[in-house]
Amino acid sequence: MISESPWWAESVIYQIYPRSFFDSNGDGEGDLPGITSHLEHVQSLGADAIWLSPFYTSPNKDGGYDVADPRGVDPRFGNLEDARALIKRAHQLELRVLVDVVPNHFSDQHAWFTEAISSKAGSAERKRFHFYDAKSDGTPPNNWISLFGGPAWTQIKTSDGTAQYYLHLFDSSQPDLNWENEDVASDFEKTLRFWLDLGVDGFRIDVAHGLAKENILIDHHDPEGLSNALRLDFEMSSEERGELLASAPFFDREGVHAIYRNWRRIFDSYDREVMAVAEAWVHPPARATRYVRGDELQQVFNFDLLVAPFDAAFLFQCISSTLEMLRQVDAPATWALSNHDTPRVASRHGSKASRALALFVLALPGSCYIYNGQELGLPDAQLADSDRQDPAFFRTKGLQKGRDGARVPMPWSGDKTPFGFSSGSPWLPIPNEWREFSVSSQNTDPSSTLNLYRSALKIRKNRFVGAGEIEWVDRGETGLLSFARGEFAVYLNTGTSAIEIPTVGTLALGSDREVKLANGTLSLPAASAAWVAIR
Ligand code: BGC
């Protein structure tokens with residue numbers, strides 16, 4: 001149990017992918033004023049906070065996760081005044097604001113990298129990154145593979161004729177920073193303070209497990225396997241993936257924790273509740289708790305549900321073990337069904353099951369993250385290869401389709417694409433069939449996914465928050481998962497046939513219209529969930 005409840009302990013945090021939320025100036029890309037003008041949507045959903053994916057100065061080779069100036073707003077999104085106005089409006093609407101911080105790498109367009117490549121090998125400018133000489137046969141310093149495919153090293157030749165390789169765990173346009181270098185640490189402290197001084201309430205830390213590297217010159221024993229694990233190859237068992245991740249010499253090293261202890265001191269120096277959530281893919285999962293020890297960060301993402309099958313027994317395992325392990329460090333759980341890096345939940349499980357899963361998860365203790373469009377039940381869009389922009393698509397030569405399908409702009413209103421998102425041509429095409437998903441067409445339909453989320457968030461806020469722990473009743477063996485929490489009994493049927501459950505109480509919410517409670521019996525069709533008020 002959390003002793004005092006800070007705002008983030010059971011918050012619902014809505015992730016906004018700025019490029020795809022709302023375009024206010026007709027250039028086909030979403031922007032900060034577009035977000036500001038549509039924050040009422042987030043408020044009416046019932047979220048407590050927004051998390052903004054990067055909007056910083058960037059050549060945009062990796063959707064803005066290639067940052068050229070972490071304290072500047074990219075002109076495609078607006079300017080600093082727009083950021084200030086957004087934060088102000090969000091706070092007026094009682095929405096806290098988290099922004100992304102991307103400490104593992106900069107863009108190759110960052111001034112430091114430009115300086116590094118025009119400086120000599122061994123210079124102070126190069127020491128901010130990981131520059132190494134080639135092996136004697138001219139090949140890269142080790143066999144590491146980029147998470148986006150291809151080698152993790154690119155060679156730079158300077159005018160004086162010397163050639164060195166630099167490390168990039170992602171695209172070659174994202175050189176990894178050397179966290180043993182003092183300049184790096186102090187620049188990030190400056191960045192954190194910059195956004196906190198502007199009024200944000202916290203951060204989502206990108207690749208939080210990757211900052212400290214060890215054994216940089218040593219080969220990995222299975223680079224191909226590791227790169228499949230990193231790219232979330234869905235054919236791979238989670239055990240196999242986990243073991244490969246744990247063997248990566250650049251992930252989850254002890255050195256990252258000193259960085260977060262330091263950052264925590266900065267957060268605590270502000271006279272408001274500042275929090276940070278770590279993106280940390282680690283194995284075994286219990287290692288995630290190390291990021292949320294008392295003097296480190298407040299939350300760490302749990303990614304199990306992003307890759308979990310729709311299977312009650314499996315869900316029981318991952319939910320119960322997550323709750324158990326976080327209880328030991330007194331940190332709240334986090335739940336996410338979709339984000340900008342993985343196929344959307346409606347595409348993974350279909351519309352019916354994804355509504356059921358959402359309803360079930362929204363009753364859990366801890367914090368829930370909702371990725372923009374998830375509340376509309378958006379699936380991934382089918383895109384032509386010519387529309388794709390994800391560097392993973394290019395670096396794997398099309399073998400991996402990449403993440404663009406989950407990043408298509410939001411449909412807001414109207415009968416035709418681009419459904420009110422932009423007066424111009426959207427940066428990724430919005431399918432013509434998305435009319436039924438638009439906010440305006442779901443607004444008035446009581447059975448829409450949007451209204452299911454709204455109802456769930458309202459009940460959650462008023463009656464689940466603060467209700468404490470869960471008591472498991474059915475643990476998934478027969479496709480049924482259920483628990484009691486506070487005033488409610490919560491059910492999920494992941495099976496393919498309906499289940500009838502004797503129950504007392506009244507149906508507070510069902511994931512679809514076929515969920516019924518009459519004469520003391522709850523009818524739970526295949527792939528559905530229910531909240532029953534029992535007290
Ligand atoms: C972000 C991705 C990004 C990568 C490199 C991730 O974890 O969520 O979108 O491509 O970090 O910054």
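Only this structure's heavy atoms are used, side chains among them; waters, hydrogens and symmetry mates stay out. Because the structure is a prediction, the values reported are computed rather than measured. Counting convention: from 1, in listed order, for ligands and their atoms alike.
When the ring pair (Phe, Tyr, Trp, His ring centres under 6.0 Å) test is applied to Y260, the partners found at least two apart in sequence or on another chain are W263. Partners of E239 by side-chain hydrogen bond (donor to acceptor under 3.5 Å, both in side chains), not counting sequence neighbours: none found.
Considering V207, D206, L169, N104 only, the shortest heavy-atom separation from atom 1 (C) of ligand 1 involves D206. By heavy-atom distance, the residue among R204, E279, H168 lying nearest atom 7 (O) of ligand 1 is E279.
The ligand atoms of ligand 1 that sit less than 4.0 angstrom from a heavy atom of R407 are 9 (O). Heavy-atom proximity to H105, at under 4.0 Å, picks out these atoms of ligand 1: 5 (C), 12 (O). Residue contact check: R403 has heavy atoms under 4.0 Å from atoms 2 (C), 3 (C), 9 (O), 10 (O) of ligand 1. The ligand atoms of ligand 1 that sit less than 4.0 angstrom from a heavy atom of F148 are 10 (O).
Between Y65 and H340, the two ring planes are parallel [angle under 30°; tilted spans 30° to 60°].
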Starting from the C-alpha separation in whole Å, work towards a yes-or-no answer on side chain to side chain donor-acceptor pair (under 3.5 Å) for H257 and E296. CA-CA 7 Å; H257 298 288; E296 295 193 38; 2.7 Å; yes
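In this structure, F131 CZ and L167 CG are separated by 10.5 Å, a value rounded to the nearest 0.5 Å. Remark: R126 CZ to S118 OG distance equals 8.5 Å, nearest 0.5 Å.
D62 OD2, 2.6 Å is the protein heavy atom nearest to atom 10 (O) of ligand 1. Among all non-hydrogen protein atoms, the one lying nearest atom 4 (C) of ligand 1 is F170 CE2, 3.6 Å. For atom 9 (O) of ligand 1, the closest heavy atom belonging to the protein is D341 OD1, 2.7 Å.
N104 pairs in a side-chain hydrogen bond (donor to acceptor under 3.5 Å, both in side chains) with only one of the listed residues (K213, Q174, H168), which is K213.
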